[in-house]
**Q** 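Dumping the structure here so I can ask a few things about it.
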Amino acid sequence: MPEPAGSGKKEHVAFLGLGHMGGPMAVNLVRAGYTVAGFDVVPAALDAAREHGVPTVAAPADAVVGADVVLTMFPSGQHVLDAYRGTDGQPGLLELAGPGTMFLDCSTINVDEAREASALAVAAGHRAVDAPVSGGVVGAEAGTLTFMVGALPEDFEAVRPLLEVMGKRVVHCGAHGAGQAAKVCNNLILGVSMIAVSEAFVLGEKLGLTHQALFDVASAASGQCWALTTNCPVPGPVPTSPANRDYQPGFAGALMAKDLKLALNALQSTGVAARMGPLASEIYDTFAAEGGAGRDFSGIITDIRDKSAH
């Protein structure tokens with residue numbers, strides 16, 4: 001199992017899920033001196049990881065053998081649960097891992113699924129941490145992600161040095177599932193605010209405001225938010241925003257649609273009287289289905305503009 005923070009020991013990490021986010025995260029661990037055994041079901045992801053110095057294996061079981069930490073970065077909660085429990089009569093990761101292994105899930109999944117996964121790991125004699133990330137592919141490559149962590153205090157301290165290699169901010173949000181809870185709340189804010197910012201810019205265009213004029217006012221007034229000042233949906237005011245690259249993600253529309261669906265599930269399960277969240281989820285579902293899935297989520301402004309009266 002992971003050594004206490006500050007021990008200096010570099011753990012053996014089984015890194016399962018080497019996609020757009022997981023691949024760069026694994027690269028950063030290797031560069032920091034961790035022993036990594038990587039796996040992904042997509043051959044191209046395995047090839048890319050190897051090209052960047054990440055050792056890979058032929059099957060998840062090969063990665064887990066001897067691992068101190070099993071780090072998963074999967075598309076959905078069902079993928080996580082299936083991997084933990086095993087499917088089609090095959091043993092799962094929990095059975096394959098040695099006693100007391102740290103199961104660190106960095107996927108973005110339903111809060112209830114994260115709690116179930118942690119409970120399964122603990123019942124199998126392991127330790128569990130949910131640590132979804134924020135910061136996108138750029139943050140994964142630069143090692144500047146934010147990790148939102150749900151864990152027992154001692155487990156948080158054990159994984160904190162590893163997370164700090166991949167991110168610049170690591171926040172202990174509470175017990176199991178709290179990391180996912182923080183992530184879903186944050187992205188609910190993000191999705192709703194990007195729609196509001198985009199609507200405001202389209203309104204400004206119709207009222208004769210330049211993009212720069214609106215930005216100069218709102219960025220220094222009560223409309224200031226991350227969706228405006230970092231990921232501005234129009235080209236020009238923030239040169240590094242995806243709007244200046246024809247909305248290449250960044251954070252893809254499909255991922256925002258997925259995260260807002262997770263928020264919607266949480267809103268419904270808790271009985272929150274929300275109106276903006278469900279509407280934002282509907283808007284991004286449509287955006288993703290109508291060609292925005294692979295574009296940055298700030299590209300929602302083009303959908304708003306195209307559907308506005310001329």
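One is the number of the first residue; the rest follow in order along the sequence.
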**Q** Do Asp130 side-chain atoms and Arg115 backbone N/O form a donor-acceptor pair below 3.5 Å?
**A** no

**Q** Check for me, please, whether Val171 and Trp226 land in the same ILVMFWY cluster - side-chain distances under 4.5 Å, paths through other members count.
**A** no

**Q** Just checking His20: does its NE2 atom have more than 12 heavy atoms from other residues, nucleotides or ligands closer to it than 6.0 angstrom?
**A** no

**Q** Does Lys258 use its side chain to pair, donor to acceptor, with the backbone of Pro75 at less than 3.5 Å?
**A** yes

**Q** Spell out, as yes or no, whether a donor-acceptor pair under 3.5 Å connects the side chain of Asp40 to the backbone of Leu46.
**A** no

**Q** When rounded to the nearest 0.5 angstrom, what distance separates CD in Gln180 from CG in Asp112?
**A** 11.0 Å

**Q** Please list every donor-acceptor pair under 3.5 Å in which a side-chain atom of residues 144-152 meets a protein atom from a residue at least two apart or in another chain.
**A**
none

**Q** Do Val13 and Val65 share a hydrophobic cluster (ILVMFWY, side-chain heavy atoms under 4.5 Å, transitive)?
**A** no

**Q** Only one of Val57, Val80, Val41, Val70 forms a side-chain contact (heavy atoms from CB on, under 4.5 Å) with Leu16, so which one is it?
**A** Val70

**Q** What do you reckon, is CZ of Arg169 surrounded by more than 12 foreign heavy atoms closer than 6.0 Å?
**A** no

**Q** Mark yes or no for whether Ser281, through its side chain, and Gly277, through its backbone, hold a donor-acceptor pair below 3.5 Å.
**A** no

**Q** Is it true that a side-chain atom of Asp296 and a backbone atom of Phe251 form a donor plus acceptor pair closer than 3.5 Å?
**A** yes

**Q** Give the intermediate values and the outcome of side-chain contact (heavy atoms from CB on, under 4.5 Å) for residues Val137 and Met21.
**A** CA-CA 6 Å; Val137 175; Met21 294 291 293; 4.2 Å; yes

**Q** List the steps, then state whether side-chain contact (heavy atoms from CB on, under 4.5 Å) holds for Val129 with Phe156.
**A** CA-CA 7 Å; Val129 173; Phe156 170 72; over 6 Å; no

**Q** When hydrophobic residues are tied together by side-chain contacts of less than 4.5 Å, even through go-betweens, does Phe74 share a cluster with Leu94?
**A** yes

**Q** When rounded to the nearest 0.5 angstrom, what is the spacing between CD1 in Ile283 and CG in Asp303?
**A** 9.0 Å

**Q** Looking at Asp105 and Met73, would you say the former's side chain and the latter's main chain have a donor-acceptor pair under 3.5 Å?
**A** no

**Q** Quick one: pull up CZ in Arg295 and CD in Gln248 and give me the separation to the nearest 0.5 Å.
**A** 10.0 Å

**Q** In Å and rounded to the nearest 0.5 Å, what is the CZ to CD distance from Arg85 to Glu116?
**A** 5.0 Å

**Q** Checking Gln224 now: which residues fulfil side chain to side chain donor-acceptor pair (under 3.5 Å) with it, not counting sequence neighbours?
**A** Thr229

**Q** Closest heavy-atom contact between Ala280 and Leu260?
**A** O-CD1, 3.6 Å

**Q** Please check if atom NZ in Lys168 has more than 12 non-hydrogen atoms from other residues, nucleotides or ligands closer than 6.0 Å.
**A** no

**Q** Between Thr72 and Leu93, is a side-chain contact (heavy atoms from CB on, under 4.5 Å) present by the stated rule, with each step listed?
**A** CA-CA 10 Å; Thr72 45; Leu93 302 177; 4.2 Å; yes

**Q** Quick one: ring pair (Phe, Tyr, Trp, His ring centres under 6.0 Å) pairs with a partner in residues 90-119, sequence neighbours left out?
**A** Tyr84-Phe103, Phe103-His126

**Q** Looking at Ala140, is its backbone amide N or carbonyl O close enough to the side chain of Asn28 to form a donor-acceptor pair, meaning the two atoms are under 3.5 Å apart?
**A** yes

**Q** Using 0.5 Å steps for rounding, measure from the CZ atom of Phe297 to the CG atom of Leu255.
**A** 10.5 Å

**Q** Looking at Lys206 and Ala309, would you say the former's side chain and the latter's main chain have a donor-acceptor pair under 3.5 Å?
**A** yes

**Q** Under 4.5 Å between side-chain heavy atoms, counting indirect links through other Ile/Leu/Val/Met/Phe/Trp/Tyr residues: same cluster for Val138 and Met166 or not?
**A** no

**Q** Does Ile301 reach the side chain of Val202, with side-chain heavy atoms less than 4.5 Å apart?
**A** yes

**Q** Looking only at atom types and distance, does a side-chain atom of Tyr284 sit under 3.5 Å from a main-chain N or O of Ile300, one as donor and one as acceptor?
**A** no

**Q** Just do the side-chain contact (heavy atoms from CB on, under 4.5 Å) check on Leu190 and Met256 with the steps written out, would you?
**A** CA-CA 9 Å; Leu190 179 60; Met256 177 54 79; 3.8 Å; yes

**Q** Roughly how far, to the nearest 0.5 Å, is CD of Gln90 from CG of Asp82?
**A** 13.0 Å

**Q** Does any N or O in the side chain of His12 come within less than 3.5 Å of the main-chain N or O of Gly66, such that one atom is a donor and the other an acceptor?
**A** yes

**Q** Would you mind reporting whether Leu104 and Leu163 have side-chain heavy atoms less than 4.5 Å apart?
**A** yes

